[in-house]
Structure formats: C-alpha cells, structure tokens
Protein chains: 2
Amino acid sequence: MGRRRSQQVTLTDVAQLAGVSVATASKALNAKGEVAPDTRQRVLQAAEQLAFQPNVLARGLISGRTRTIGLLTDELAGRFSIPILLGAENALGNEQMSVLLCDARGDAIRRRHYIRTLVARQVDGFIVVGDSNDVRPSLGREIPVPVVYVYGQSTDPDDLSLLADDEGGARLVIEHLIAQRRRRIGHITGPEHYRAARDRVTGARAVLAENGLTLVGGEPLYGEWSQRWGRHATRQLLTAHPDTDALFCGNDQIAVGALQVLQEMGRRVPDDVAVVGYDNWEVLAADCRPPLTTVDLNLEQLGATAVLHLFAALDGNPTTGVLRQPCRLVVRESTGLAA
Amino acid sequence: MGRRRSQQVTLTDVAQLAGVSVATASKALNAKGEVAPDTRQRVLQAAEQLAFQPNVLARGLISGRTRTIGLLTDELAGRFSIPILLGAENALGNEQMSVLLCDARGDAIRRRHYIRTLVARQVDGFIVVGDSNDVRPSLGREIPVPVVYVYGQSTDPDDLSLLADDEGGARLVIEHLIAQRRRRIGHITGPEHYRAARDRVTGARAVLAENGLTLVGGEPLYGEWSQRWGRHATRQLLTAHPDTDALFCGNDQIAVGALQVLQEMGRRVPDDVAVVGYDNWEVLAADCRPPLTTVDLNLEQLGATAVLHLFAALDGNPTTGVLRQPCRLVVRESTGLAA
DNA sequence: TTGTAAGCGTTATCAC
DNA sequence: GTGATAACGCTTACAA
C-alpha cells in the first residue's frame, strides 16, 4: 500500500519540467556546483510549481544523516520532561531537525526496545531525559551516535550530563530570605534518596553557615513531593518551632501545602512566615494565594543547551562530564515584594 | 559528517557472514519466499551475532511507508496534549511505529512549516491535537496522507475529529450530585468562548431539567480556568445564594479555588457543599483537601483511539465526522464517599 | 532453493 | 555548465 507513488513529486519530475537532467536539478536546488543562473531559475520555478519536497529518506540514505534526533524519556507525564523537550524541539527546529519521541515509562525493556528502534531509524543523536533522582546507567555502549543526558546524570563520566544547578538554586533562595531579614529558616523537602533534594540541602546549609545560621530544627524534613506532606511537615515544624519566620520548600506542591496550614494556624504570609517553593510550576505557583516565590529550573534552556552540545558532538567536538546550569529565583508575594 | 559508514552493520555483512546472497538474507529475515530452514538459521544467527538492524530509510524508500506518524500540537505545555500523546505513542509503539513530535505553539507560520517538514519526511499519517476551544481550520488539502484530529475539532466534516464527550461528562457530574441529594447546584466555569465550557453547561442543564431543577442563579458563571476565578466566583455565588449545596466547577483549578473559599467561609466540604472539578488533573485533584471528585477525560484512550482510526485510514477505511468518547467520573471525598 | 539485477529518490563523481 | 552513471541499503521479480 503506502502512498500512491504517482502523486509523489520527485526530482525527476522537476528536472523534466525544467528540461534538465536530475543531476543538474539537484545542483540547482542545493546551490552546489556551478549552474548557469537561468538554468537554476528554471529549476527553482519548476520545483515551486510542482511543490516539490525532496524525499528525506533518499537523502538520508546517501548522507548517513537523517536530521532527526531521538528523545528518550521516562516520565513524560511528569512536569519536567516537557519543558526540556520543548526547548530541545525549538532549538532543533531552527536547524531543520526533527524529534522522534519515546517514553520508556521507567521500564528497562521498553527502553531497550526504543533504543534499538531509534538506532534502526538512523537518528543522528540521542537526548536522554532522566529524572532528578540518582545517576542512571549510561547507555553509552549500546548507542553508536552521540548522546546527551539531561536532568538525570549518567553513571559514566565520559558521557555528557546536563543538570540544573540545584545547589545554586537553593543558595539563591536562602540568600533571598536572609536579605529579607529572615533568620529562622526551616526546610521541608522530598525524599532523601533524591539527588536533587540532597543537593538543595547542601546549598541551603552552605549559605546559612556563611551567615552564622542553621536550619530550624537542625535537619531538613525529608518526606515526599506532595501538598499532603507539605501540610503535615509544616504543622509539625511550626508546632515545634513557633518562631520560624521562613519556610524553604523543596517543591511548589509542598509549598502550597505549607501555605494552607499557615493560614489555618493564623500565620500571615509573608508577614509572619515567608514561604519559598521550587520548580516554578506556574499553574500552581502563580495562581495560589499568595503567589509563590520559587526557583525556576530554566528547563527549556536546558533542552536548548543539550541540543547545542549534541550538535557540537556531531561536529566531532564532544563535551564530557557534568555541566550544571544556573537556576533563577522568581520572586512573588509569598516572601514580600520588593515594594 | 554523519556516522562512520564502516561501523554500520548492513545486510551485506550479514549475508557474507552467513555465506549467502543479500537477496537470500533478506528473504530469510523477512520470512518471505522459500528459504531452506538451515539457511534461514545461519542468516538469523549471523544477524544476531552482528546485532543487525535493518536500515529503516532504505526500507521506507522502497515501500513508500516510513512507519512514522507526525503528531502536531499547539500546546504541549498544557496538560491535555501529553496524555493524548502518550496514548498514541503507546498504541503506535505496539505496531513498531514511531512519533515525530512538533509543537506549533499556536503559531500558524510554524504550523505550516512543520506540516511541510513532516510531509517531506514521508510520515504515513498525521495526528493533530487541538484544544477544547472552537473548531479549527482543516489542514486537509495540504496533507497527502490520512489525518485524525483529536481533542480539537476540524472545520471540515469530511475529516475525522475525535473529541471527549463534554456534554456526557457534565451529565455524569450532575447525576452524581443529584444522587447525593443535592438540589441547589451552582456552576462555575471557564470562558464562554470555549466549546467545551458550553457543552458542559448544556449537559448539566439537561440533567437538571430532567429532574425539575435549574442552576443556582439561573446562569453558569463564565470566567477563566484559574484558581483565582474559582475563589472569586465562589465567594460571589455563595454570598448571593447561601443555600447552595453543590458546586460543579469547569476544571480542577477552579474547584481548588472554590475549596479554599468554602473553608474560609466556614462551609464544610462535602457536608455543607459538595464540590466537583473537571479534568482529573491528579496532582491537583488527588492531593488537595479534601480530594476532589472530578471527571476524567480518558485522554490516553483518546490518543489510542486516534491511532486505531489512523491505521484504518491507512488501510483504506477512513472514518469521517465527529466522534465523542465517553468521560469517566472519579469520585473522591469532596462529594462524600459512598461509605 | 538460491542468486542476479533492477530500482526506490537522491547526491556525488566524473566525463563531456 | 551539464549530464550520464554509480552509489546509499534494502526488497523483489525473475532467472538459474
């Protein structure tokens, strides 16, 4: 079956209409070799007239390049892959490249399958989107083309892993809170086995220490990435330490939970307690009450950077190691506006 | 550059290793023609040994089919495209087909560009994901392969549009509320220019009428799809109609806003006022307090169905018109559990 | 049963 | 400057 052969316009048709050979037509269209100006004109016009679209398959067969990259993720349904994907897709589109998308859904079998598929499809490179959790096994040996790991780190230091600078993001938060004259700062975050959670704790503690401070309660409250945990931990923390004047939350959901409980407990935000989230999940952070100061991971940027490095690798200039890209503090009312 | 030619395993390599011609090797691998059992064995083993992956480009060049479909969306960042995409990707993966993803971001220029790109890449078909707003112009004439429109309807009745049954979803909600002995039901929803918003109103009113009821206040409160609007409208509605005993909200965000205000006003949910959302946006609906009864659009299913129809069209059996797929009510505590 | 050869649509290498 | 011709990797008549 497939498409009707007849209705597919080929270079031969264009050449015929222009009265030249396919070779000349090809050169004219690709600005290769020397073609007489008027010949080129005729060819271009013929191509235009027939709405000629060069067959990418045939091209790829010769060049060995498909101008396609494979994007492999494990959690498209989550909210981190998408911005990365968008950033990458945008950067690729500018270079006339396309994205083959595969979501392995955390299943190793599925992942293997997709890798084989993508390799068979001759993708020029891979972008592997991980999660903010631990390092993940390198796919290195299985893949004959350049790979860039984004958001989740590869175990192999010879791979390139591109991460958000979680430690730096946490530093921004604490510096901001201290600048707002907060001194008794608590930290409620997700599971301790998340690399991102630990990194943020490290960053936060560093800045606190530089200012002669410690976390309220001494330790962060590790739990889960949910509103429910945010509510629970906030209640607990404020009961034990009623003089807490700021909460740094590990993500926006936790922060929203915190806001709810603070309101219940009669604490004003930001007057009594400042609250900071993480992720800048707009639909939550900007629409809650009060709007949430939070950290933006610059994920779109991360995706775009991944593409840049992938191109470099395709050009024979691979980068290796772990690169951390700065985050950005988004200040909203929950920490008191500058005004 | 492109990949090193040398390290790409080709059918020729396999044939050589097996000591047969490429033709025989091809037949053996594709179970075509008559090949001696032991010959086939040798070929299969050689292929295995070399980890041979047939070059999809070469295959596609011959067959005219690429086993690739283009998925065109306008709002990947929103939360509707993703589940549809996942459903489609899953269904396609089962048939060894892949997805080329393009997000036009609502930009017509970009959309045209992507369409050209995808056509040049010889995709076998398109899935166009729209939004729940108005009908959108058919892309019909520009595309030489089958197209299925999902979530957003095409202007052309000769196209196939696959939608969630918004009217039916609203019916489920109202029937449920009435079964819970609610009689004074208000409706707060998004902008009136959204087709989905209007359809839901229609469905809700139909069931109310069947039960001799009307919406509290007579009219739905059209606004925006935000918590903020949910808060504002709830305050307004309950002030004007203090005896309201149920709120049907146009989406989960509005419902969350409603929950907040109800708490502030000292109304218990669900005891005094039952609240229902729409979309079953898990991370919001399941994690708020109390968890939200809401309507699930079955979007993954929608994506999978789209693929089915696309396959049918590829096999020469296209469907046309508008198909509406049922929604599903997810009952949680905000309307009182069955218990 | 197996191998030879043509051809898918394009680009690259040569002669002319 | 232009046009045969040979690839690219694979499938498929058709011949052996």
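Per chain, numbering begins at 1; letters A, B, ... match sequence-line order. Hydrogens, waters and symmetry mates are skipped; everything else that's a heavy atom, side chains included, is used.
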Nearest-Å distance for atom pair [atom1]/[atom2], residues [X] and [N]:
| X | N | atom1 | atom2 | value |
| --- | --- | --- | --- | --- |
| K27(A) | dA4(D) | NZ | P | 11 Å |
| L61(B) | dG9(C) | CG | C1' | 5 Å |
| N30(A) | dT13(C) | CG | C1' | 15 Å |
| I62(A) | dG9(C) | CD1 | C1' | 7 Å |
| Q8(A) | dG7(C) | CD | P | 19 Å |
| L11(A) | dC8(C) | CG | P | 13 Å |
| Q41(A) | dG1(D) | CD | P | 16 Å |
| Q122(B) | dG9(C) | CD | C1' | 9 Å |

Q: Kindly point out which of dG9(D), dG9(C), dT2(C) is positioned nearest to the side chain of N55(A)?
A: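 The answer is dG9(C), which lies nearest to the side chain.
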**Q.** Nearest-neighbour nucleotide for the A58(B) side chain, dC10(D), dT2(D), dT10(C) considered
**A.**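 When the side chain of A58(B) is considered, dC10(D) is the closest of dC10(D), dT2(D), dT10(C).
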Just by distance, do the side chain of [X] and the backbone of [Y] share a donor-acceptor pair under 3.5 Å?
| X | Y | result |
| --- | --- | --- |
| T155(A) | S138(A) | yes |
| N30(A) | S26(A) | yes |
| E75(B) | R105(B) | no |

Q) What nucleic acid atoms does A23(B) come within less than 4.0 Å of, heavy atoms only: base, sugar-phosphate, or nothing? A)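 Base: the residue A23(B), judged by heavy atoms under 4.0 Å, touches a nucleobase.
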Q) Are L100(B) and R121(B) side-chain neighbours, meaning at least one heavy-atom pair lies under 4.5 Å? A)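 When only atoms from C-beta onward are counted, R121(B) and L100(B) do touch, with a gap below 4.5 Å.
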Side-chain N,O ([X]) to OP1/OP2 ([N]) below 4.0 Å:
| X | N | value |
| --- | --- | --- |
| R59(B) | dG9(D) | no |
| S63(A) | dC8(D) | no |
| S26(A) | dT11(C) | yes |
| T24(A) | dG3(D) | yes |

(Q) Side chains of S154(A) and S161(A): any donor to acceptor distance under 3.5 Å? (A)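 No.
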**Q.** Residue met sooner reading DNA chain D from 5', once V22(A) and R42(A) are mapped to nucleotides
**A.**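 Its nearest nucleotide lies further toward 5', so the answer is R42(A).
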